[in-house]
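Order of the sequence lines fixes the chain letters, A, B, ..., with proteins taken first and strands second; residue numbering starts at 1 for each chain.
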Amino acid sequence: MTEKSNAPEKYNAAEVEPRWQSIWAERDIYRADDNSDKPKFFALEMFPYPSGRIHMGHVRNYAMGDVVARYKKAQGFEVLHPMGWDSFGMPAENAAIATGGHPKDWTYNNIDEMRAPMQRLGFALDWSREFATSDVAYYKEQQRIFLKFWEKGLVYRKTAKVNWDPVDNTVLANEQVIDGKGWRSGATVEQRDMDQWFYKITNYAEDLLEGLKGLDRWPEKVRTMQANWIGKSEGLQMRFELDNVSQIAVGQNDNLNALKEEAPINPTREEYIEFIQKALKSVPSYDDVDLNKVWESILNGVEIFTTRPDTLFGASFLALSPDHPVTKCMALNDSKFEDFRAECAKIGTSEEAISQAPKLGLDTGLRVKHPFIDGATLPVWVANFVLMGYGTGAVFGCPAHDQRDLDFARKYDLPVIPVVAPTEEKNKDSVHPSEGWGPEHNSTDLSTNALDPRLRGDGRNGGEIVEAYTGEGTLINSGFLNGLNKADGIAAATAKISEMGLGEAVTQYRLRDWGVSRQRYWGCPIPVIKCGACGSVPVPEDQLPVELPYDISFDKPGNPLDHHPTWKSEGVTCPTCGEAAERETDTLDTFGDSSWYFAAFGGSLSADGMDWDAASKWLPVDQYVGGVEHAVLHLLYARFFTRGLIDCGLLDLSHSKFGGEPFAGLFTQGMVTHATYALADEKVDKDKWVLPEDVDANDDGTFVHLPTGRPVLKGDIIKMSKSKKNVVDPDEIIKGYGADVARWFVLSDSPPERDVEWTESGVIGAWRFSKKVWSVVSDTTATHGPMAIASDASGDALELRKLAHRALEKLTAGIEAFRFNTSVAQIYELTNALSKYKGQDAARMEALGILIRAIAPFMPHLAEECWNQVGGEDLVYHAPWPTVDPKMLVDDTITMPLQVNGKRRSELNIPKDMPKDEIEALALADDAVLRSIGDATVRKVIVVPGRIVNIVAS
RNA sequence: GCGGGCGUGGUGGAAUUGGUAGACACGCAAGACUUAAAAUCUUGUUCCAGUAAUGGAGUGCGGGUUCGAUUCCCGCCGCCCGCACCA
């Protein structure tokens with residue numbers, strides 16, 4: 001090679017990258033200005049947990065956000081792109097228990113260790129706004145928020161059945177229990193009754209659901225998952241009056257009936273409770289039973305919830321949950337109920353167990369009155385498929401039109417009464433109304449054998465119902481509902497029940513309130529004082545923060561705050577009455593920490609507090625990027641918190657067209673995967689994985705472990721994980737190839753929402769490309785600056801201009817649409833064209849200027865170095881995004897494909913504005929076209945200007 | 001079971017108003033340079049037939065709409081993700 005210019009021959013990332021990073025830092029170019037006149041753009045990636053190492057997933061996540069942040073900056077926005085640490089949580093405590101250190105030291109050491117490689121990646125981050133959620137300043141503000149939420153009625157305390165993780169020794173929210181196991185520990189979750197703090201997320205159930213509709217820049221998948229999680233259903237909540245109550249609470253005795261006769265007329269609730277307590281006073285464990293519900297069931301009837309009141313005439317039983325208060329009450333005095341409850345509990349909570357569990361039932365002997373059929377009663381069963389956690393914990397069973405009810409009815413030989421005749425022809429066979437609409441259904445004896453055969457769908461009437469029919473249809477066998485369709489039937493039945501005073505239309509949500517008490521040390525202390533006289537009292541705001549003590553020990557299981565010799569009670573008095581009191585020792589769920597951190601960035605949170613007005617101005621986050629694993633948990637909590645903060649007057653988002661939404665745009669990126677390799681002759685699963693770099697391929701396609709010579713099998717290509725030994729350390733890649741190469745690789749090839757497979761050859765390809773860009777730049781003798789516009793170009797120069805502007809248009813669209821892989825492809829094309837182009841002229845400089853500014857969001861160090869090399873003004877970071885010249889996108893002559901009967905046979909090079917008839921004439925004269933047509937007759941010629949010509953011949 | 005998504009060369013993937021299927025990259029092959037290798041550069045690379053020109057087939061499978069379908073519609077098959085006895 002000969003010397004071509006004054007540029008260094010080789011691009012040395014190890015020298016170039018730190019040099020630019022220190023220039024950026026010195027000039028403080030990434031600091032966001034709260035008072036800028038420019039339109040704002042808030043780019044945010046989900047902040048990391050400081051585990052101690054950054055991994056490739058982080059690199060991909062932050063690289064995507066960085067592309068957006070840098071691109072928006074070049075587009076003229078004032079960009080806020082901050083970084084912080086989600087630093088409270090279990091791993092710090094687990095590490096402390098395992099190694100004898102302190103969670104705080106462990107956490108902050110990790111943060112220091114992770115910050116350095118993150119800075120080596122050269123992200124355009126405003127580090128001046130950095131904080132960790134375990135900083136006292138951060139949790140002080142969070143304690144303020146807790147108290148504000150309390151004032152607003154968004155916080156409450158209650159004893160509730162909670163999910164207890166026996167490994168982490170703490171409570172979990174419903175969202176944190178996955179397949180009956182703790183989301184972090186994987187331990188089977190137990191149910192325990194505990195005193196807990198709750199956030200009233202259900203207040204916003206409707207709003208959180210409604211808000212999803214406006215989030216048009218969120219993935220459909222995430223919106224659907226949240227909507228399903230909120231789980232709205234509209235239906236009828238109604239009571240079935242008990243016909244005989246003697247067995248409730250007293251088993252085989254009937255002194256309760258006697259008591260009922262003693263009951264006062266129109267008693268108050270308290271009188272009811274006192275009354276039933278009297279009845280139960282000989283039973284030791286009645287504390288566990290919700291007596292309100294029991295007594296209401298006795299006096300007013302058993303409450304059920306249904307979305308299908310139109311099928312009430314098809315009801316053949318009522319089913320209670322094993323955990324229903326009435327069931328529990330009966331279990332107190334009758335062991336068969338307790339035995340049944342125990343049997344149900346045995347099934348467990350795992351996904352398979354539940355879905356495969358057989359239907360179990362127990363007849364209580366109670367009967368309820370059918371609301372529409374005078375004199376008819378239905379048996380009341382306890383059934384294991386009825387959940388206490390949804391609706392009222394009781395349902396009515398309509399076997400003909402609900403599969404679970406049908407399974408249950410078949411098992412226990414309960415009647416199956418079809419009441420909906422399918423509308424669709426192909427479903428006609430599934431239900432057999434015998435004649436017309438069927439008889440008026442007013443049979444008072446609903447036992448199977450006594451039923452009019454024309455009401456039966458159990459096979460005794462010629463046609464057996466094999467599958468419950470849940471579709472549209474016409475009501476039959478249904479008295480006053482006969483002939484109505486599903487929707488009208490629901491409306492009519494609901495109206496009738498309301499009129500009878502037995503119930504009303506209600507909306508149910510699956511969403512539960514968010515239990516936030518955690519019996520752990522490393523979290524935000526709940527700012528509450530527990531006073532024997534005054535109960536739970538908020539810590540006055542001027543006494544915040546309630547600070548975590550440093551001197552704690554993990555020598556006992558459980559919560560170190562609870563074991564602390566002084567923290568809980570020494571010098572603690574009740575703010576209300578002044579008497580000695582105790583601190584709340586629970587800490588807040590760490591998901592609360594990540595529910596408002598985006599606001600803290602905008603508000604420049606520091607030891608002096610934060611500026612909520614500034615926070616409001618920066619919100620909503622314009623582009624949020626993170627993993628899809630947070631689709632429900634974090635993203636739902638953050639949406640709730642933002643609404644709460646608005647209602648408390650801390651945030652004002654009245655300027656946002658997204659209402660109370662914190663994240664206007666969301667992108668969920670795919671994972672970084674890598675091949676796994678396992679020793680073929682190793683039996684122990686955890687010992688069989690080997691490092692990919694120690695594996696070599698044999699000529700016959702098998703693999704061998706180099707250090708030991710043992711045979712190796714290639715495993716699945718899966719997410720990088722330490723246990724599978726398929727991790728690649730980003731810092732090693734930075735050292736070997738440079739940060740730009742690591743960034744370029746994770747954005748190339750695969751679409752951002754999909755997984756990208758880490759391969760050695762892919763990294764080398766990215767590395768070669770960076771060298772190629774540098775060689776194109778160093779082959780350039782700068783004749784103009786990189787902002788040149790070669791408006792008088794012709795010939796090859798004009799072709800280069802056209803290619804550059806076309807590439808620019810497409811790559812810009814790619815960034816806008818989060819399709820970075822297509823932007824990367826356009827950058828390749830432009831680079832290839834430039835490396836072939838020989839001219840040292842304005843056209844070269846224009847194309848080069850476009851190229852350098854286009855790669856700047858992806859490979860910022862290389863771009864700065866190139867920009868500097870070709871004489872660009874200032875930093876490329878400050879250079880405006882190049883603009884597309886629309887004239888360069890149109891050609892004077894175009895190539896038009898010629899089709900015969902839809903198959904391409906030839907093409908025409910013609911002026912772009914040639915009239916249709918001339919095109920047609922040329923097409924019909926084309927040799928290849930004539931050959932294809934052969935003997936056939938031309939029937940029709942379709943000319944789509946600028947697109948295609950199709951000749952129809954037969 | 002319910003909901004969402006996907007199916008294109010040896011591989012990752014392009015083709016976002018129905019208009020040249022396979023851009024770009026990886027891999028592979030051949031060549032140039034080199035004592036040699038690496039690096040770099042050039043060329044080729046959907047499959048089948050043919051030296052070639054060219055012809056035929058082709059976007060999971062089967063139908064349909066259309067001058068024209070990877071794209072729209074109907075019915076299957078397969079894979080992935082989420083939820084899961086939610087009344």
Side-chain angles (χ1 to χ4, degrees), chain A residues 1 178-179 219-229 231-233 235-236 304-309 311 319 321 347 351-352 354-359 383-387 389-398 401-405 407-408 470 508-510 628-629 631-632 745 748-751 753-757 759-766 768-769 771-772 775 807 810 813-814 817 819 821-832 835-836 895-907 928 931-932 939-944 946-953:
Chain A
M1 256 194 207
I178 294 147
D179 297 347
E220 191 59 44
K221 180 185 178 176
V222 175
R223 292 198 282 170
T224 309
M225 282 169 70
Q226 291 214 356
N228 289 344
W229 189 263
K232 179 178 180 173
S233 65
L236 172 65
I304 62 104
F305 175 72
T306 178
T307 55
R308 293 296 304 276
T311 63
S321 164
I347 289 167
E351 167 188 325
E352 293 93 334
I354 288 169
S355 64
Q356 286 164 18
K359 298 274 181 289
N384 66 335
F385 67 90
V386 183
L387 307 172
Y390 186 77
T392 60
V395 298
F396 82 81
C398 177
H401 304 291
D402 183 290
Q403 192 58 45
R404 292 158 304 175
D405 297 346
D407 296 343
F408 192 78
T470 55
Q508 281 281 346
Y509 298 92
R510 208 185 78 115
V628 73
E629 66 272 20
V632 175
F745 174 80
S748 306
D749 287 350
S750 286
E753 70 277 12
R754 275 191 231 172
D755 292 350
V756 62
E757 187 194 347
T759 59
E760 186 72 10
S761 58
V763 179
I764 291 170
R768 270 191 221 140
F769 175 70
K771 291 202 298 187
K772 185 167 186 174
S775 88
K810 287 186 190 162
R819 295 189 345 245
N821 55 321
T822 64
S823 301
V824 163
Q826 293 303 317
I827 291 173
Y828 272 115
E829 264 193 274
L830 178 53
T831 308
N832 290 342
S835 84
K836 291 199 176 84
T895 302
M896 227 185 200
L898 303 181
Q899 291 183 337
V900 177
N901 291 333
K903 294 202 192 268
R904 184 181 173 279
R905 296 297 177 187
S906 184
E907 59 187 32
R931 222 180 313 130
S932 291
R939 303 287 175 194
K940 200 170 170 186
V941 179
I942 291 135
V943 179
V944 185
R947 287 278 192 194
I948 205 164
V949 180
N950 192 13
I951 294 156
V952 187

I want to check one thing: is the phosphate of [N], taken as OP1 and OP2, less than 4.0 Å away from some side-chain N or O of [X]?
X      : N     : result
A:R904 : B:G58 : no
A:N901 : B:G68 : no
A:K903 : B:G55 : no
A:R939 : B:C67 : no
A:Y828 : B:A25 : no
A:R905 : B:G56 : yes
A:N832 : B:A25 : yes
A:R223 : B:G3  : no
A:R768 : B:C26 : yes
A:R404 : B:C86 : yes

Can you check the [X] [atom1] to [N] [atom2] distance for me, whole Å?
X      : N     : atom1 : atom2 : answer
A:F745 : B:G13 : CZ    : P     : 12 Å
A:D749 : B:U8  : CG    : P     : 16 Å
A:F769 : B:U40 : CZ    : P     : 14 Å
A:I304 : B:A87 : CD1   : P     : 12 Å
A:M225 : B:G3  : CE    : P     : 16 Å
A:H401 : B:A87 : NE2   : P     : 17 Å
A:R819 : B:U16 : CZ    : C1'   : 7 Å

Ignoring hydrogens and angles, does a donor from either the side chain of A:K221 or the base of B:C81 sit under 3.5 Å from an acceptor on the other?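 Absent.
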
Atom [atom1], compared across [N] and [M]: separation rounded to whole Å:
N     : M     : atom1 : value
B:U46 : B:G58 : C1'   : 8 Å
B:U8  : B:G60 : C1'   : 10 Å
B:A57 : B:G12 : C1'   : 25 Å
B:G55 : B:A21 : P     : 14 Å

Go through RNA chain B and write down every stem, that is, every run of at least three consecutive Watson-Crick or G-U wobble pairs with distances under 3.5 Å, as range with range.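 So far as stems of 3 or more pairs are concerned, RNA chain B shows B:1-7 with B:77-83, B:10-12 with B:24-26, B:27-32 with B:40-45, B:46-49 with B:54-57, B:60-64 with B:72-76.
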
Any cation-pi pair here, A:K359 with A:F385, using under 6.0 Å and within 45°? yes

Which listed nucleotide (B:A21, B:A84, B:G82) is nearest to the side chain of A:Q899?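 Nearest to the side-chain atoms of A:Q899, counting from C-beta on, is B:A21.
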
Please classify B:G12 as syn or anti, treating any glycosidic angle within 90° of 0 as syn.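 Glycosidic conformation of B:G12: anti.
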
